[in-house]
Amino acid sequence: MVQVQEQDFFGGAMRGVVPQRWLDASDVREIPDHQEVWLSPETLSTQIVEINQRVSKEEALSTFSTLSHQQPALAAGSGSAAHATAETVDQAAALYHLHDLCDEGDALQIVTPPQRVTPTRLVAAAPSGSTISAYKGVVTYITATKRGGSVPGASDHGTVSSVSDSAVAGATLSGETSDLPPTTKVTCHYLLMRLGAQETDLVVFFNVPHEEFDKSGNPRGLSKEEAIAEDTISALVEKFEIRDWELFV
């Protein structure tokens, strides 16, 4: 398992982990107030912690209905807001945040559908009356044009186009189509933590660009980097905590 170190986020209001020796991006460039960005000292991988407004039920489920005509075998209860289960809504919210990172011409492929997890420390220290749900998974972003060195989540988001509930079954989802063939790929391991009473969605993205490994013919290096991402997200499930809940007041 990769070695991680515990790390304060947002001035100590939150605490989690990053891989050992990773660098705080705010030391080298300006980072939006709602983000924490950490950089690998050896590769182009990044870890991003992001505070978002909680996605509404209707917004989340729109990710299912938009492309439902392309996937007749819908997940149970996903067809309407009236019949959707809480877990279906949460899964859709995870996909909403992920697809929100797509730029024009990008495609989003679900590698591991959103899986429910229990964030141990987060739940243990939550104020009375809090409702917390959390999901982790893996997606791949494929882009037909260069991002100019950026990775999903590290800059302003592109336009949200469409996401389908078929993603729960592992389908491929696309933004607007492009005549250009895909040229770059980024794997994103993620953790979504939904804070009901605080009307907040916390998302951690661990991005692994493939290009540097592909160019050097180093599939073993890519596999190692993917393992680092997976282990870090798993460690965050256990160790992520909020120390100052007044941040959300």
Side-chain angles (χ1 to χ4, degrees), residues 2-55 93-94 96-104 106 108 119 121-122 134 136 138-139 141 143 145-160 184-195 198-212 225 228-233 235-237 239-249:
V2 65
Q3 296 297 309
V4 296
Q5 62 188 33
E6 295 202 20
Q7 178 63 52
D8 286 344
F9 302 131
F10 302 104
M14 303 179 194
R15 189 168 177 82
V17 300
V18 299
Q20 283 188 349
R21 299 186 298 107
W22 275 39
L23 309 174
D24 186 345
S26 65
D27 291 337
V28 296
R29 68 173 187 259
E30 186 174 354
I31 302 298
D33 290 342
H34 72 295
Q35 289 185 340
E36 287 264 350
V37 180
W38 294 82
L39 309 173
S40 168
E42 300 170 348
T43 70
L44 297 177
S45 297
T46 60
Q47 179 179 321
I48 301 168
V49 184
E50 188 169 280
I51 303 174
N52 291 294
Q53 180 72 28
R54 182 179 172 90
V55 175
Y96 182 99
H97 286 297
L98 292 159
H99 200 262
D100 195 23
L101 306 180
C102 286
D103 289 329
E104 182 179 349
D106 288 355
L108 174 66
R121 290 188 183 177
L122 182 62
K136 71 173 184 177
V138 184
V139 301
Y141 293 97
T143 183
T145 55
K146 300 292 183 180
R147 288 180 178 272
S150 64
V151 295
S155 59
D156 293 340
H157 294 167
T159 301
V160 178
T184 60
K185 182 183 292 187
V186 176
T187 302
C188 177
H189 298 246
Y190 66 87
L191 172 64
L192 167 67
M193 294 163 283
R194 311 203 76 198
L195 314 180
Q198 291 73 31
E199 298 184 355
T200 298
D201 284 344
L202 299 175
V203 193
V204 181
F205 307 99
F206 195 120
N207 298 297
V208 180
H210 291 206
E211 187 174 17
E212 61 179 316
E225 201 75 358
I228 292 173
E230 182 177 356
D231 288 349
T232 301
I233 291 297
L236 280 164
V237 172
K239 297 181 181 296
F240 192 93
E241 59 183 316
I242 296 174
R243 294 187 165 184
D244 182 7
W245 287 86
E246 293 186 1
L247 178 69
F248 307 103
V249 174

Give the minimum heavy-atom separation between Ile31 and Ala25, together with the two atoms involved.
->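 Residues Ile31 and Ala25, closest heavy atoms: CD1-CB, 3.9 Å.
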Distance-minimising heavy-atom pair for Leu236 and Val17 |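 Looking at all heavy atoms of both residues, the shortest contact is CD2-N, 3.5 Å.
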Any donor-acceptor pair under 3.5 Å linking the side chain of Arg194 with the backbone of Ala94?
->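 Side chain of Arg194 to backbone of Ala94, a donor-acceptor pair under 3.5 Å: no, none is there.
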Distance-only, no hydrogens or angles: does the Asn52 side chain make a donor-acceptor pair with backbone N or O of Val203 under 3.5 Å?
->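 Between the backbone of Val203 and the side chain of Asn52 there is no qualifying donor-acceptor contact (under 3.5 Å).
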Could you tell me whether the side chain of [Y] reaches within less than 4.5 Å of the side chain of [X], counting heavy atoms only?
X	Y	value
Leu192	Tyr96	no
His189	Lys136	no
Leu44	Glu211	no

In chain order, what residues pass the side chain to side chain contact (heavy atoms under 4.5 Å, CB included) check against [X], with sequence neighbours excluded?
X	value
Thr200	Ile51, Leu195, Gln198, Leu202, Phe248
Glu246	Asp244, Val249
Arg243	Asp8, Arg15, Glu241
Gln20	Gln3, Gln5

Sequence-distant partners of Phe206, ring pair (Phe, Tyr, Trp, His ring centres under 6.0 Å), two or more places apart =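 Only Trp22 meet the ring pair (Phe, Tyr, Trp, His ring centres under 6.0 Å) criterion with Phe206.
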To the nearest 0.5 Å, what is the distance between [atom1] ([X]) and [atom2] ([Y])?
X	Y	atom1	atom2	value
Leu108	Tyr141	CG	OH	5.5 Å
Tyr190	Asn207	OH	CG	13.0 Å
Ile233	Phe205	CD1	CZ	10.0 Å
Met14	Gln7	CE	CD	13.5 Å
Leu39	Ser45	CG	OG	10.0 Å
Glu50	His34	CD	NE2	4.0 Å

Sorted by first residue and then second, give each salt bridge (charged side-chain N to carboxylate O under 4.0 Å, His left out) pair with at least one member in residues 33-49; sequence neighbours left out.
->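 Residue pairs with at least one partner in residues 33-49: Arg21-Glu42.
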Strictly by modelled atom types, are Thr232 and Gln47 linked by a side-chain donor-acceptor pair under 3.5 Å?
->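 The answer is no; no qualifying pair exists.
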